[in-house]
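If you're wondering where the values come from, they're calculated on a predicted model, not measured in any experiment. Naming convention: chains lettered A, B, ... in sequence-line order (proteins, then strands); numbering from 1 in each chain.
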Protein chains: 2
Amino acid sequence: MTKRIDEWSVGELARKAGVSVRTLHHYDEIGLLRPRRTGQAGYRVYGRPEALRLREIMFYRAMGMGLDQIAGLVDAPGKDRRARLAEQAVRLKAERSRIDDMLAAIVEAVETDRESIMTIDDLYKAFEPAKQAEYEAWLVENYGPDMADHIATSKAQLEKVPEEMAAKMAELRDIEEALVAIFLRGEGDVGPVIERHRAWVAAMWGRPCSHAAHAGLADMYLSHPDFVARFEMLAPRFSQWFPAAIKANAAAQGVG
Amino acid sequence: MTKRIDEWSVGELARKAGVSVRTLHHYDEIGLLRPRRTGQAGYRVYGRPEALRLREIMFYRAMGMGLDQIAGLVDAPGKDRRARLAEQAVRLKAERSRIDDMLAAIVEAVETDRESIMTIDDLYKAFEPAKQAEYEAWLVENYGPDMADHIATSKAQLEKVPEEMAAKMAELRDIEEALVAIFLRGEGDVGPVIERHRAWVAAMWGRPCSHAAHAGLADMYLSHPDFVARFEMLAPRFSQWFPAAIKANAAAQGVG
DNA sequence: ATGGGACCTCACGTAGCGTGAGGGTCAAGG
DNA sequence: CCTTGACCCTCACGCTACGTGAGGTCCCAT
């Protein structure tokens, strides 16, 4: 009994095709892919046609088709294949929009209880003069005095009139809310919101905030526990995502 | 036994909450929502706290959470709620990207066998002089001679040099391919591609194609069997989607 | 008393396998 | 010749979140 080439056992075919043995057993059970049962030991033996059929099955499975649909497609070659593909596309789109709805529900829920967790008052506390001095010291320590030239702190701007300050805090809350929404949703264009943040920073500083300065700020967000804590409170992992988004934006604008 | 207000039977609560009776039975079984079993007949009786708990359950279910996760969330109030929500968002995003991959696989498959079904030669046939005359007649019949003034046919342009014509046909194929991809994928910005199509039409006509003229053309696509057949061959339902997209684009540009 | 609706408890079915349990088969080495 | 380990076999239950009967009990109005 020389073992012919072009013949494989379940395990061999499974490895070759990247599926599990159980999967092949299952396909055999439901009649989707029948092996040639030639060995008297009852061992499944697959030949080249079976291997090709398996490839085809996996091709359709990659499009999320049900095994019954696949059976119809591989058994009736070509027959309304396009229609089936289009139907599947419709199903997938429906499924995806259901997922989008769920994501929207999460975003809404997070925003809702964020209103009670992170209030405007908390934002004020984050911008106390003592804190600002600390941040400036941190920046000087980590970047040297020359960087402190590029990255200003908002210390000098804290004497803004209360109404103006309130408006700034409200805008920051809006910006962060928009960022959290995009972060959780996992889609949407961050660029404009990041730019809005950069403009906000510039307004706070009272002077322009370059992309490089913005990126430097992002480093502080990443490293300083105050910022990490504040951002992490908005959403888990947001404290890493936000600085990364700032840096990506800076890089996209051509700044290393 | 006066039936107290604030007490409901399974059926009543189910109707009130918009779920099935079986669902409430199931929640009872797995201990997610236990009714007060006060009637000696074994009837389930739900009070206000249970109704509130059900609302909460449905709230989390709308985000696609598993019932076990939900149990954890409603039993440990507030405890790492945000983290759970964020985790769920991650899961949903992963799921969505899997679906996007499947959609991409479908788009690729459709494009691949489109190459064998709809060749450039077929496109040439669609632009034969006899056909062009027919389309012009159709337009005159349906819109009157004055509309034929706006909507030119490509008849006069058929004397283009072969190379130019070949380039035109190839571009049309590209445009249609891009449209089919967006159609099947269910997302992406159609506007630019529609505009590309309008520019293509203008080039064929040898004179500008207004949005109104483009919309008129869309009507012909909708009504004339030749176009319906050709577009339907690209993908089922595409023959309706494409004209609708043209009209939406025209309307968006401020043309009725 | 009775009829119909609401309720009850099983219990199987769903999609696509994963994961053992319990037991043969095969090739090579001792 | 026997053993050992890798491979194979056939059940058969488990998983999600219920849907869908089947067969029987209970409540309320007439």
Side-chain angles (χ1 to χ4, degrees), chain A residues 1-4 7-46 50 54 57-58 60-72 74 88 91-92 95 98-99 102, chain B residues 1-4 7-46 50 54 57-74 88 91-92 95 98-99 102:
Chain A
M1 283 305 178
T2 344
K3 183 176 173 182
R4 264 165 292 177
E7 285 200 342
W8 305 279
S9 66
V10 255
E12 287 165 349
L13 182 61
R15 261 193 307 281
K16 208 166 78 82
V19 301
S20 73
V21 170
R22 181 64 176 93
T23 296
L24 294 181
H25 282 183
H26 184 59
Y27 291 173
D28 186 6
E29 267 177 37
I30 65 173
L32 179 56
L33 181 63
R34 294 243 128 97
R36 315 200 312 251
R37 226 52 167 285
T38 176
Q40 54 273 76
Y43 280 26
R44 290 174 179 82
V45 176
Y46 296 87
E50 287 80 19
L54 178 55
I57 290 169
M58 292 179 64
Y60 287 123
R61 226 190 31 166
M63 312 194 285
M65 301 259 198
L67 296 185
D68 46 352
Q69 303 269 333
I70 296 180
V74 297
Q88 179 62 10
R91 271 193 293 272
L92 289 175
E95 184 69 16
R98 271 193 45 233
I99 291 182
M102 293 178 181
Chain B
M1 287 303 178
T2 344
K3 181 176 173 183
R4 263 165 294 177
E7 284 200 342
W8 305 280
S9 66
V10 254
E12 286 166 349
L13 182 60
R15 260 193 309 280
K16 207 166 80 83
V19 302
S20 74
V21 170
R22 181 65 177 95
T23 295
L24 294 180
H25 281 183
H26 184 59
Y27 292 172
D28 186 7
E29 267 177 38
I30 65 174
L32 178 57
L33 180 64
R34 293 245 128 96
R36 315 198 314 250
R37 226 51 167 285
T38 177
Q40 55 273 73
Y43 279 26
R44 290 172 180 83
V45 176
Y46 297 85
E50 288 79 21
L54 178 56
I57 290 169
M58 293 179 64
F59 172 73
Y60 288 122
R61 225 190 33 167
M63 312 193 228
M65 302 260 199
L67 296 185
D68 47 352
Q69 302 268 336
I70 295 180
L73 281 165
V74 298
Q88 178 63 10
R91 271 193 292 274
L92 289 175
E95 183 69 16
R98 272 193 43 233
I99 291 182
M102 293 178 181

Taking OP1 and OP2 of dG16(C), is either one under 4.0 Å from a side-chain nitrogen or oxygen of Y27(A)? no

Take the C1' atoms of the five end pairs on each side of the helix from dA1(C)-dT30(D) to dG30(C)-dC1(D), get both axes, and report the angle to 10 degrees. 40°

In Å, rounded to the nearest 0.5 Å, how long is the span from CD1 of I57(B) to CG of L33(B)? 4.5 Å

May I ask you to list the residues of residues 60-68 of chain A, by number, that have any heavy atom positioned under 4.0 Å from an atom of DNA chain D? none

Sorted by chain and residue number, the side-chain contact (heavy atoms from CB on, under 4.5 Å) partners of D28(B) (sequence neighbours excluded) come out as R34(B), P35(B), R37(B), R44(B)

Residues in side-chain contact (heavy atoms from CB on, under 4.5 Å) with M63(A), at least two apart? F59(A), Y60(A), M65(A), L85(A), A105(B), I106(B), A109(B)

Apply side-chain contact (heavy atoms from CB on, under 4.5 Å) to R91(B) and list each qualifying residue two or more places apart in sequence or on a separate chain. Q69(B), E87(B), Q88(B)

Whole angstrom is fine here: how far is it from CD1 in I57(B) over to C1' in dC18(D)? 14 Å

Write out a two-atom table: protein N or O, nucleotide N or O from nucleotides 7-11 of chain D, distance below 3.5 Å.
residue	atom	partner	partner atom	Å
dC8(D)	OP1	S9(A)	OG	2.6
dC8(D)	OP1	G11(A)	N	2.9
dC9(D)	OP1	R44(A)	N	2.8
dC9(D)	OP1	R44(A)	NH1	2.8
dC9(D)	OP2	H25(A)	NE2	2.8
dC9(D)	OP2	R44(A)	NH1	3.3
dC9(D)	O5'	R44(A)	NH1	3.3
dT10(D)	OP1	R37(A)	NH2	2.6
dT10(D)	OP2	R44(A)	NH1	3.0
dT10(D)	OP2	R44(A)	NH2	2.7

Can a side chain N or O of S20(A) be found less than 4.0 Å away from OP1 or OP2 on dG18(C)? yes

How would you list, by chain and number, every residue that makes a side-chain contact (heavy atoms from CB on, under 4.5 Å) with R22(B), sequence neighbours excluded? S20(B), H25(B), H26(B), E29(B)

Residues in side-chain hydrogen bond (donor to acceptor under 3.5 Å, both in side chains) with R98(A), at least two apart? E95(A)

